[in-house]
2 protein chains.
Amino acid sequence: MRLVSGMRSVTALADLPQLERQTLSGTAYAALSDLLASGRLAPGERLSLRQSAAAFGVSVMPVREAVSRLVADGVLEVSPARVIRVPMMSQDAFRALAETRIAVEGIAAARTALRHSAEDLSAIRNAEAAFRSEAEATQPDRARAIQLNRDLHFAIYDACGLAPLREIIARLWLKAGPVINLDLRAHPERLRQGFALRRHAEALAAIEARDAPAAERAIAADIREAAEFILARGGLQDHSGGD
Amino acid sequence: MRLVSGMRSVTALADLPQLERQTLSGTAYAALSDLLASGRLAPGERLSLRQSAAAFGVSVMPVREAVSRLVADGVLEVSPARVIRVPMMSQDAFRALAETRIAVEGIAAARTALRHSAEDLSAIRNAEAAFRSEAEATQPDRARAIQLNRDLHFAIYDACGLAPLREIIARLWLKAGPVINLDLRAHPERLRQGFALRRHAEALAAIEARDAPAAERAIAADIREAAEFILARGGLQDHSGGD
DNA sequence: GCTAGTGATCTGTGATCACAGCTGACGGGA
DNA sequence: TCCCGTCAGCTGTGATCACAGATCACTAGC
């Protein structure tokens, strides 16, 4: 802490980008998160520590730590029989998750509308345009569309100015990811209906106009419509106890 | 899965309480969480895997997993020098955390006001009375008051009907816990000023009247006043770079 | 006297081993 | 033909060992 006073010769090194150590556990966590977010690990699917470790080319140790973090987040679950799987979500649970997202992401969008900077706005505009051009393509790439949709939403949330809030939303997306992607895989036609496009445009317009309630409504509608679409499809298990 | 059809004799066992296994990692996590929530681990304090393991009477393995979960939650941090410590929170970070709590917990309180059941309400009433009697005692027990305050807040949040939201709030409290408790330890006189008491009474009244905006305001005020009190005390490090 | 080098010690991380318990297929009995 | 006990092969969990790197007290050298 006496860097400034005593070590003037290396003062140029004082504020370096603080390159952080990359731990194997962290890498495994990122890899698993990606698998989940992209829907390549579907609800109900099992996961083996040793197999995953072999696939990643590491020992079970890092995978184990990554899995335990995912379990803590509720993105994976380990049954009493010691079986790791991505949880089946009941209709009720999915509905609760969607409502939570509506509330939390709505707040973030409203805040962004009020306090966004010029850079924030242009980032959001770019993200919206990127998603639009992909969704309106004659042959939309599903995986790419998912990624661009995510980019747009988080461009908005990044600008809300509350790091903890953004982090919460990231966790919620991790939880909802498998269900949403599984559905989109089964019913890719939703992309063409353009619901999301309209809501995104509304959100962008509201943010540009610094109209917080409108931004909140647009994001809420975006989430709600997607959730209702999935619930209508009935891919989720009924809470009344179907096996 | 053919329990019903083929094994009629044991059908009485079909819907047993699904007793869950207690893992050492889970126990360690609970123990560390408690240490953090009760403020016995102050911001900046270090933590050693081996020492903690020895203290708990287990190997480093379970502690390690517990710590990695806490780190994922941002409640602990591990520096590039591989030092585990509870993070120092800057004033800005604390302010952002408080604003996030105001938003999220406000939502939960508003929902509870609208949809609480009779049981919910009586649980909230009891919790409010318990905190009040402790806070108004001639010799308030600080640790007990903290616990009762927590009980009251979560009695309200439990009734909001959104499990994911409740979980988010629990994480936020874990994060804010060390700072709040450290401050309360240094300045116990805040308990006597009765700010919290007034806000709690307002929240209870609003919930009883099913007045969602008022409930949201009361909880927001409760959080905001506590945060401002702590910020005014100046125990947090300034973001401009004090060491 | 103060700085800079040095080595013992302790840190988290990762690999490997040991173990209890669940799973699921096989085979004997009704 | 169907049920049920049995056993091999997994599972996750926990302990232990190995290792690179950071810390900190100490000492040699200016």
Side-chain angles (χ1 to χ4, degrees), chain A residues 1-10 13 16 18-32 44-72 75-87 243, chain B residues 1-11 13 16 18-32 44-72 75-87:
Chain A
M1 307 324 168
R2 61 171 67 156
L3 268 178
V4 178
S5 64
M7 302 179 65
R8 179 166 301 225
S9 57
V10 293
L13 302 176
L16 237 41
Q18 175 93 322
L19 49 92
E20 77 266 24
R21 131 184 353 266
Q22 182 70 306
T23 161
L24 278 187
S25 305
T27 312
Y29 178 81
L32 285 179
E45 211 160 336
R46 290 180 51 163
L47 199 68
S48 159
L49 285 188
R50 286 175 175 82
Q51 286 177 20
S52 310
F56 288 148
V58 298
S59 103
V60 299
M61 210 50 247
V63 179
R64 185 171 161 179
E65 204 166 299
V67 166
S68 85
R69 278 165 63 180
L70 262 353
V71 169
V75 182
L76 291 178
E77 71 177 7
V78 34
S79 75
R82 283 176 168 169
V83 172
I84 302 171
R85 62 171 77 245
V86 21
D243 83 334
Chain B
M1 301 315 174
R2 63 170 65 158
L3 269 178
V4 178
S5 65
M7 303 179 65
R8 179 169 299 228
S9 58
V10 292
T11 194
L13 302 176
L16 238 41
Q18 176 95 321
L19 47 94
E20 79 264 26
R21 134 185 349 266
Q22 182 70 305
T23 161
L24 277 186
S25 305
T27 311
Y29 178 80
L32 284 178
E45 211 160 336
R46 289 180 53 163
L47 199 68
S48 159
L49 286 188
R50 287 175 175 82
Q51 286 176 20
S52 310
F56 289 148
V58 298
S59 105
V60 298
M61 213 46 247
V63 179
R64 185 171 162 180
E65 204 165 299
V67 166
S68 84
R69 279 165 62 179
L70 263 353
V71 168
V75 181
L76 291 177
E77 71 177 6
V78 35
S79 75
R82 285 176 168 167
V83 172
I84 303 170
R85 63 171 76 244
V86 21

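First the proteins, then the strands, lettered A, B, ... as listed; each starts at 1.
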inquiry  = Counting the atoms with a prime plus P, OP1 and OP2 as sugar-phosphate, which does A/V67 contact under 4.0 Å by heavy atoms, base, sugar-phosphate, or nothing?
reply    = nothing

request  = May I have the step-by-step check of side chain to side chain contact (heavy atoms under 4.5 Å, CB included) for A/S68 and B/S25, ending in yes or no?
outcome  = CA-CA 10 Å; A/S68 85; B/S25 305; over 6 Å; no

Rounded distance (Å) that lies between atom P of C/dA15 and atom CZ of A/F56 = 13 Å

key: Heavy-atom pair of closest approach, residues A/R64 and A/L49   = CA-CD2, 3.9 Å

remark   = To the nearest angstrom, the CG-C1' distance between A/L49 and C/dC17 comes to 16 Å

ask   = So, is A/S25 near the phosphate of C/dT13, with a side-chain N or O under 4.0 Å from OP1 or OP2?
value = no

request  = Pick out which of A/L32, A/V67, A/L70 makes a side-chain contact (heavy atoms from CB on, under 4.5 Å) with A/V75.
outcome  = A/L70

ask   = Can you find a side chain N or O atom of A/S48 that sits less than 4.0 Å from OP1 or OP2 on D/dT11?
value = yes

Heavy-atom donor-acceptor pair, A/R85 side chain to A/G44 backbone, under 3.5 Å = yes

request  = Locate the shortest heavy-atom distance separating B/L47 from B/L76; write the atom from each residue and the value.
outcome  = CD2-CD1, 4.0 Å

remark   = Between B/I84 and A/R64, whichever has its closest DNA chain C nucleotide further toward 5' is B/I84

inquiry  = Under 4.0 Å from OP1 or OP2 of C/dT11: is there any side-chain N or O of B/Q51 that close?
reply    = yes

task = Look at A/T23 and C/dG14 and indicate whether a side-chain polar atom (N or O) is within less than 4.0 Å of OP1 or OP2.
result = yes

request  = Write down the distance between CZ (B/R85) and P (C/dT11), rounded to a whole number of angstrom.
outcome  = 14 Å

ask   = Roughly, in whole Å, what's the span from CD in A/E77 to P in D/dT11?
value = 18 Å

query = Just how far, in rounded Å, is C1' of C/dG12 from CG of B/L47?
reply = 12 Å

message = Whole angstroms only, please: what is the CZ-C1' distance between A/R50 and C/dA15?
response = 13 Å

ask   = Starting at CZ of B/R46 and ending at C1' of C/dC10, how long is that distance when rounded to a whole Å?
value = 9 Å

inquiry  = Can you measure B/R82 atom CZ to D/dA18 atom C1' for me and round it to whole angstrom units?
reply    = 12 Å

